[in-house]
Amino acid sequence: MSDTDNAPRDSLFEPPAMAEQERMVEAILFATADPVTVKELGDRMPHGSDPAEALVSLRKRYEGRGVQVVRVGDAWAFRTAADLGYLMQREVTETRKLSRAAVETLAIIAYHQPVTRAEIEEIRGVAVSRGTVDQLLEMDWIRFGRRRMTPGRPVTFVVTQAFLDHFGLESARDLPGLADLRAAGLLDNRPSPLAATGQDEDDADALEAGEGQSELFED
Amino acid sequence: MSDTDNAPRDSLFEPPAMAEQERMVEAILFATADPVTVKELGDRMPHGSDPAEALVSLRKRYEGRGVQVVRVGDAWAFRTAADLGYLMQREVTETRKLSRAAVETLAIIAYHQPVTRAEIEEIRGVAVSRGTVDQLLEMDWIRFGRRRMTPGRPVTFVVTQAFLDHFGLESARDLPGLADLRAAGLLDNRPSPLAATGQDEDDADALEAGEGQSELFED
Amino acid sequence: MAEDLEPEPQEPISVADRMAAEALVVDVDGFEGPLDLLLNMARTQKVDLRQISVLALAQQYLAFVDKAKTLRIELAADYLVMAAWLAFLKSRLLLPPDPEEDGPSGEELAAHLAYQLERLQAMREAAAKLMARDQMGRDFFARGLPEEMERTRKVVYTATLLDLMQGYARLRTRDEFRPFVMDRDKVFTMEQALERMRGMIGFAGTWTDISSYLPVGWGEEEGMWRSATAATFAASLQLVKEGHLEIRQEDLFAPIQLRRTETRDE
């Protein structure tokens, strides 16, 4: 392998042919872990080489190719062509259930729109975190509605077309009403037998049961 | 980045032009230090792409360049041209010095694979130390192959893609001198005439070994 | 270097002899087992391993073992085993074959030993050729600056209409909210309904509303009523199938009515 007959390379006085220098720069840039400066190239190449010129022609050679010779500070490196960057990404999509806080906030917006943050908090009984609202905005399930003409002119939230599409609703008015919820067995007005026996730890319990239940109805 | 106007890429039905596919393969192979299989290429490229064909023209494009498209088993990678190795002293990685026993064991596995420990010992005439095998396993140059269907179901050893990659071999068929060794019958599992007198299961062993070896030559 | 220039001290044996002697005297650990030693000895015959004189080799090995013993070198068991085997082989090669005795001939055994030596030699050469190849990280190199494969984890959040409704229901009934669970004691099974109706259908000579077959106490509470109605209806269909019962519904959503089948013998 190393017995190629590139006479110029071994010569003490003659620098290698430019095509050969270009190969060298190509190999060095490829194999080196960091971008390489012209000086470093020169240090590594045979005496008399002109790495700057070799770089120019190498750069030209890679024009329009899948990788490019790019300048990084005062050094040079190979980089994937920008338009092919998407090939270097492997997208793993993970579907997660919306958190309970997000579901409840979303439900309140859907049932009460347009609704202000203060109103949402009043109904939920707890503060609505910025993250929850941001998440719903990002999902494009809610958007800002008109400002309320009350002191402070608070913004309101409404659901979006994307929300309606996702839930298969023609309009927010098609959301099942309380009566429907009751008929569906989702509302049960009798006092909780658990509460009656005096046990109080049911919040977590209820959450779990709720999750379990939704599993029951999915698909 | 992604707003280039390469219409074919975004099309649902038309694969990208071959020149574009070649760029993609170039970018993917350039980006990684490990060989990439044709299947992996296909998975990452747009639907309908033909990475195998793109590889053929890419390989031709890099003929004689400072970096080469090389085949490693059923995968492909860019590697610097071997004649430029002298420029790369700084990149030389000190490989652990292999003992004579390790080198011989490696060669026996490569040429006789899949091969059992007992067969290695038979060829070398000494016991194979656990450390030798462990070292080769750790270097990822050998791995366990299928168990031999003989009494005791001994494990076999085969060489890995990393082995091929390290020694610049396209496949195990390209091992130096393999054809000569085979023609000379030196890769046969020839049982000792003494052993053949009494024991019958050696026959099965020999048969299996013969089969195993022929696997080497299948695709 | 300097030592080489010094005149050789007067010795009765030649340099070659001395080197050969050293090779023998070397501690046995220097060889990787008897086969390695044999291969080393075979090389001194300077012929193709296929043409090697196994007899000469056996003699050489036995001489080595003898000498080693006199030099009190600890000989590993496998060297002695090999010596015994070679002594056996030697006798087989020297004596005319005994027609009474079956088993491999001396020639066959010798051929196999020669094969083993040739194979070991071939593997050593192959190993040397392998190691002489251009190697990655020494002669050729992989990409030094691999670009990280970006593994973008895209999380998609989702919710169903049911989640939404449950969420809302939870809020609206916060105080009296009770998680929905399948309570078995509120479920009237078809088996229960069948059993109940089998006892009752005898009295259904005329068309009767199905609701009158509902178990007592199951009509008030909605969930229980639904379960009882469903079970009773399913049980009715089963009884119709069995020929005990007739069923009819006058109109869409009209009450479902049941009547005993008139059997001929009654």
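So you know, we letter chains A, B, ... as the sequences are listed, proteins then strands, and number each from 1.
- With a 4.5 Å cut-off on non-hydrogen atoms, B:Ala81 touches chain C through its backbone but not through its side chain.
- The closest side-chain heavy-atom distance from C:Arg133 to B:His166 is not below 4.5 Å.
- For chain C, the nearby part of B:Phe78 is the backbone; its heavy atoms alone come within less than 4.5 Å.
- When the candidates B:Arg79, B:Glu104, B:Gln68 are compared by the number of heavy-atom contacts under 4.5 Å with chain C, B:Arg79 comes out ahead.
- The aromatic rings of C:Phe64 and C:Tyr79 sit tilted, their planes meeting at an angle between 30° and 60°.
- Counting heavy-atom pairs closer than 4.5 Å to chain B, the top-ranked of the candidates C:Glu118, C:Glu125, C:Gln116 is C:Glu118.
- Considering only heavy atoms from C-beta on, C:Phe141 stays 4.5 Å or farther from B:Leu84 through its side chain.
- For B:Glu122, the parts sitting under 4.5 Å from any heavy atom of chain C are the backbone and the side chain alike.
- Ion pairing between B:Glu40 and B:Arg44 fails under the 4.0 Å rule for side-chain N and carboxylate O.
- Interface remark: B:Leu181 contributes side-chain atoms only to the contact with chain C (heavy atom separation under 4.5 Å).
- With C:Leu117 as reference, C:Leu39 is the one residue of C:Val54, C:Leu39, C:Asn40 to meet the side chain to side chain contact (heavy atoms under 4.5 Å, CB included) rule.
- Residue B:Ile108 holds its CD1 atom at 13.0 Å from CD of B:Gln113, rounded to the nearest 0.5 Å.
- Proximity to chain C is absent for every atom of B:Leu29, based on heavy atoms less than 4.5 angstrom apart.
- The existence of a salt bridge linking B:Arg65 and B:Glu26 is excluded, since no basic side-chain nitrogen approaches an acidic carboxylate oxygen closer than 4.0 Å.
- When the candidates C:Leu35, C:Leu113, C:Leu130 are compared by the number of heavy-atom contacts under 4.5 Å with chain B, C:Leu130 comes out ahead.
- Put simply, of B:Ala101, B:Ala127, B:Gly177, the one with the most heavy-atom pairs under 4.5 Å next to chain C is B:Ala101.
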